[in-house]
**Student:** 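One structure follows; several queries about it will come next.
Computation of the quantities below employed the complete heavy-atom set of this structure, encompassing side-chain atoms and omitting hydrogens, waters and symmetry-equivalent molecules.
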Amino acid sequence: MRTARPAPQQPSGMPFAKYRPFRDTVVTDLPDRTWPTKHLTSAPRWLSTDLRDGNQSLIEPMGPAAKRAVFDMLVRMGFKEIEIGFPAASQTDYDFVRSLVDEDAIPEDVTISVLTQSRSDLIDRTLDACVGIPRATVHLYNALSPLFREVVFRMGKDEIRDLAVEGTRQVMARAEKVLTEDTIFGFEYSPEIFVDTEREYTLEVCEAVMEVWQPEADREIILNLPATVERATPNVYADQIEWVSRHLSHREAVCLSLHNHNDRGSGVAAAELGLRPGDLRVGLLAGAERVEGCLFGHGERTGNVDLVTLALNLFSQGVDPMLDLSNIDEIRRTVEHATGMDVPPRTPYAGELVYTSFSGSHQDAIKKGFAARATQVAAKREEGMDAEAAEPAVPWHMPYLPIDPHDVGRSYEAVVRVNSQSGKGGVSYLLGQTHNLDLPRRLQIEFSRIVQRHTDTYGGEVDATRLWTLFTDEYLPAKAAPEADLPTWGRYELKGATLTSSGEEESILTVTLRDGGERRLLTASGNGPLDAFVSALEQTGVSVRILDYAEHALSEGRDARAASYVEAEVGGQVLWGVGIDPSIATSSFKAVISAVNRALR
């Protein structure tokens with residue numbers, strides 16, 4: 001045998017030379033950056049843009065009923081800021097905004113945000129749509145980056161800055177004209193294409209906008225710094241955010257907001273690094289206080305940042321996400337129905353398969369983890385805690401499961417699923433969760449091989465129902481069968497057993513068996529009921545030696561049943577049998593019958 005390094009990778013032939021690294025002119029030199037040493041300790045302000053950015057990216061945008069269903073769900077989840085559309089862009093968006101007002105659907109503590117470009121006709125139409133909204137924010141944006149200045153708009157820096165300034169003035173003037181004292185009015189400005197824009201120029205434009213708005217402690221301005229197209233690694237974005245946060249005037253009156261897209265697949269990471277930890281009011285810390293995104297990352301191209309992932313990332317670190325995600329499947333179904341787009345099965349936290357393990361080693365670790373946790377919770381209850389307090393008192397620390405599936409409305413039965421890659425841990429876990437069986441380890445190994453043969457033959461996944469069918473067909477056939485059917489079922493069926501005498505050294509047992517087509521009454525003695533039963537069975541010509549035995553109750557109360565497991569050597573074969581019966585003794589006899597019938601099959 002020889003050892004060697006892998007063969008070297010070969011050039012791909014792809015035209016990589018046409019691309020350039022993210023430009024040095026906008027990468028921030030920040031040697032004293034503080035964000036790497038910070039930790040998020042509270043949730044940001046959340047703004048859902050599902051009904052605007054998410055909706056405009058759909059192949060078929062949502063209709064009014066679907067929009068309303070999503071809006072109502074966002075309110076139930078706890079969103080206090082919701083961007084609901086671009087009312088000047090279409091009659092549909094305008095009508096939806098008005099329908100929420102006319103139907104009194106907007107709670108008093110929810111702020112509605114609407115988007116507009118910096119054009120007077122669009123601004124007027126946008127503010128007209130806001131009449132009667134309890135809390136309304138107009139979100140003004142224009143693009144600042146060199147590419148857009150030179151190629152898209154063909155305007156200089158001063159002209160682009162003046163467009164933002166004049167748009168702000170027009171928003172304020174129209175709001176003063178059409179909105180009453182019943183509306184709490186706010187303003188948001190986005191220097192679009194922020195990540196590609198020179199940092200000093202971004203600051204210049206934001207300061208010019210603030211000069212018009214005049215932010216104060218009770219007159220907030222939201223400055224939203226979007227990664228309109230994600231262009232660099234998350235640390236670069238974090239440096240850009242920290243630089244702006246340090247250099248803004250009126251910082252105490254500014255809500256710095258993030259709007260991340262996911263073009264490089266790192267939108268969540270960039271948003272997390274861009275956020276500020278703790279409370280800004282206790283000191284000028286690096287980063288933003290607010291995040292805009294969509295529930296499952298819908299949005300143009302690769303989507304907006306995924307707010308569900310962001311929120312549950314915080315939750316997994318012991319931080320209250322300030323959003324109710326306790327029924328993740330209902331949220332997912334609502335979004336899928338409204339958007340016509342599926343949430344992929346491996347989407348963090350919400351995907352169909354994210355709490356599922358097929359790998360045998362993973363399944364075994366999860367099974368042991370749940371068993372250890374159950375022991376810890378039981379110890380808390382023994383210390384005097386009630387059931388409701390004991391479970392959350394034990395910190396969650398589980399192999400392969402960053403959060404408890406139960407906390408987002410998933411059932412433990414779905415955690416472990418069985419296919420051709422699965423092992424004894426997953427098989428025994430499912431049987432334990434669905435039927436309370438606690439299989440001995442060697443029985444787990446034996447039955448997992450049976451399941452493996454099934455999956456190798458038929459392919460696909462074995463769900464809990466099919467797994468139980470495989471188990472009962474193998475270990476718990478209902479009745480003995482005629483001689484012709486012995487390979488399918490078995491030779492013996494226990495019809496009754498009576499312990500006629502039980503002393504310290506000897507038990508006498510009377511057993512009624514169906515042996516093929518014959519009914520037999522047998523009496524035998526032994527040093528216990530199980531030994532006596534084996535002696536009775538041997539009178540029919542079968543040699544049985546018990547190697548291992550285990551039993552446990554399946555439930556509590558008057559209708560409780562017991563499960564017994566017997567490892568036996570029968571005619572030179574070593575295998576397991578299983579019996580279930582209200583009587584522990586009878587269940588053990590059935591387990592012996594199960595082992596013998598399996599050997600004869």
Side-chain angles (χ1 to χ4, degrees), residues 7-36 53 56-57 117-118 141-161 163-164 189-207 223-248 256-275 286-288 291-294 297-306:
Q9 295 181 170
Q10 299 299 310
S12 67
M14 295 184 68
F16 62 91
K18 70 190 282 187
Y19 300 98
R20 296 290 182 271
F22 194 62
R23 292 174 299 168
D24 293 339
T25 55
V26 294
V27 173
T28 302
D29 181 18
L30 200 67
D32 59 342
R33 59 183 60 85
T34 62
W35 60 261
D53 208 340
Q56 73 183 34
S57 69
Q117 293 170 304
S118 186
Y141 76 99
N142 67 317
L144 305 191
S145 74
L147 180 65
F148 275 67
R149 295 195 309 259
E150 297 161 10
V151 175
V152 180
F153 301 124
R154 299 183 181 179
M155 298 171 68
K157 284 185 175 181
D158 291 348
E159 294 172 286
I160 293 291
R161 181 198 60 225
L163 195 63
Y189 172 66
S190 287
E192 197 193 7
I193 327 292
F194 160 73
V195 293
D196 284 292
T197 304
E198 306 92 332
R199 62 186 186 184
E200 291 82 3
Y201 182 57
T202 294
L203 186 65
E204 175 188 334
V205 176
C206 288
E207 291 289 349
L223 294 178
N224 186 53
L225 306 181
T228 311
V229 178
E230 189 177 39
R231 299 269 283 118
T233 51
N235 61 298
V236 173
Y237 184 69
D239 280 351
Q240 291 175 313
I241 296 297
E242 181 166 346
W243 188 91
V244 173
S245 180
R246 288 187 189 185
H247 289 83
L248 280 172
L256 206 57
S257 178
L258 309 179
H259 184 109
N260 297 84
H261 281 256
N262 199 42
D263 300 86
R264 291 170 54 93
S266 52
V268 167
E272 288 181 326
L273 296 188
L275 281 170
V291 176
E292 300 184 357
C294 294
H298 296 307
E300 299 285 6
R301 304 179 311 280
T302 56
N304 289 33
V305 70
D306 182 340

**Student:** Look up atom CG in L275 and atom CH2 in W35, then write down how far apart they are to the nearest 0.5 Å.
**Tutor:**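 L275 atom CG to W35 atom CH2 measures 13.0 Å (nearest 0.5 Å).
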**Student:** Just jot down the ring-ring contact (aromatic ring centres under 6.0 Å, His included) partners of H298, sequence neighbours excluded, or say none.
**Tutor:** none
**Student:** Which is it for L147 and D196 under the side chain to side chain contact (heavy atoms under 4.5 Å, CB included) test, yes or no, and what are the steps along the way?
**Tutor:** CA-CA 8 Å; L147 180 65; D196 284 292; over 6 Å; no
**Student:** Report the relative orientation of the aromatic rings in H247 and W243; use parallel for angles under 30°, tilted for 30 to 60°, perpendicular for over 60°.
**Tutor:**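 Aromatic pair H247/W243 classed parallel.
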**Student:** Between D53 (side chain only) and C294 (backbone N and O only), is there a donor and an acceptor less than 3.5 Å apart?
**Tutor:**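 No; judged by distance alone, with no hydrogens or angles, the pair does not exist.
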**Student:** If you round to the nearest 0.5 Å, how far is CG of L223 from CD of E207?
**Tutor:**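 So the CD of E207 and the CG of L223 are separated by 8.5 Å.
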**Student:** With rounding to the nearest 0.5 angstrom, report the CG to CD distance, N142 to Q117.
**Tutor:**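 If I round to the nearest 0.5 Å, the distance is 9.5 Å.
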**Student:** Under a 3.5 Å distance rule, please check whether E292 uses its side chain to pair with a backbone N or O of S257 as donor and acceptor.
**Tutor:**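 Between the backbone of S257 and the side chain of E292 there is no qualifying donor-acceptor contact (under 3.5 Å).
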**Student:** Starting at CG of L225, measure out to CG of L256 and round the result to the nearest 0.5 Å.
**Tutor:** 4.5 Å
**Student:** Does H259 form a side chain to side chain contact (heavy atoms under 4.5 Å, CB included) with N304? I'd like the steps, not just the answer.
**Tutor:** CA-CA 8 Å; H259 184 109; N304 289 33; 3.5 Å; yes
**Student:** Which heavy atom of N262 sits nearest a heavy atom of G267, and at what distance?
**Tutor:**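 The pair with the smallest heavy-atom distance is OD1-N, 2.8 Å.
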**Student:** Taking the side chain as every heavy atom from C-beta outward, state whether E300 and Q56 have any pair of such atoms under 4.5 Å apart.
**Tutor:**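 Of all side-chain heavy-atom pairs linking Q56 with E300, at least one is under 4.5 Å.
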**Student:** For the atom pair CZ (R149) and OG1 (T197), what is the distance rounded to the nearest 0.5 Å?
**Tutor:** 7.0 Å
**Student:** Locate the shortest heavy-atom distance separating L144 from T202; write the atom from each residue and the value.
**Tutor:**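 Answer, listing the atom of L144 first, then T202: CD1-CA, 4.2 Å.
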**Student:** Among pairs that include at least one residue of residues 264-275, which meet salt bridge (charged side-chain N to carboxylate O under 4.0 Å, His left out), considering only residues two or more places apart or in two chains?
**Tutor:**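 Of all non-adjacent pairs touching residues 264-275, none passes salt bridge (charged side-chain N to carboxylate O under 4.0 Å, His left out).
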**Student:** Please report the shortest heavy-atom distance between A288 and I241, naming the atom on each side.
**Tutor:**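 Heavy atoms only, the tightest pair is N-CG2, 4.1 Å.
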**Student:** I need the L30 CG to N235 CG distance, nearest 0.5 Å.
**Tutor:**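 The CG atom of N235 is 11.0 Å from CG of L30, to the nearest 0.5 Å.
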**Student:** Under 30°, 30 to 60°, or over 60°: which ring-plane class applies to Y237 and F194, parallel, tilted or perpendicular?
**Tutor:**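 It falls in the perpendicular class, over 60°.
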**Student:** When you compare the side chain of L203 with that of L248, does any pair of heavy atoms fall below 4.5 Å?
**Tutor:**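 With C-beta onward as the side chain, the pair touches.
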**Student:** For E204, enumerate each residue passing the salt bridge (charged side-chain N to carboxylate O under 4.0 Å, His left out) test, keeping only those at least two apart in sequence or located in another chain.
**Tutor:** R161
**Student:** Run the numbers on V229 and R301 for side chain to side chain contact (heavy atoms under 4.5 Å, CB included), then give the verdict.
**Tutor:** CA-CA 9 Å; V229 178; R301 304 179 311 280; 3.7 Å; yes
**Student:** Would you say the side chain of V205 lies within less than 4.5 Å of the side chain of P191, judging by non-hydrogen atoms?
**Tutor:**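 The answer is no; the side chains never approach within 4.5 Å.
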**Student:** Donor-acceptor pair, S118 side chain versus L163 backbone, under 3.5 Å?
**Tutor:** yes
**Student:** Quick one: does E230's side chain have a donor or acceptor within less than 3.5 Å of a partner on T228's backbone?
**Tutor:**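 Here the side-chain-to-backbone pair does not exist.
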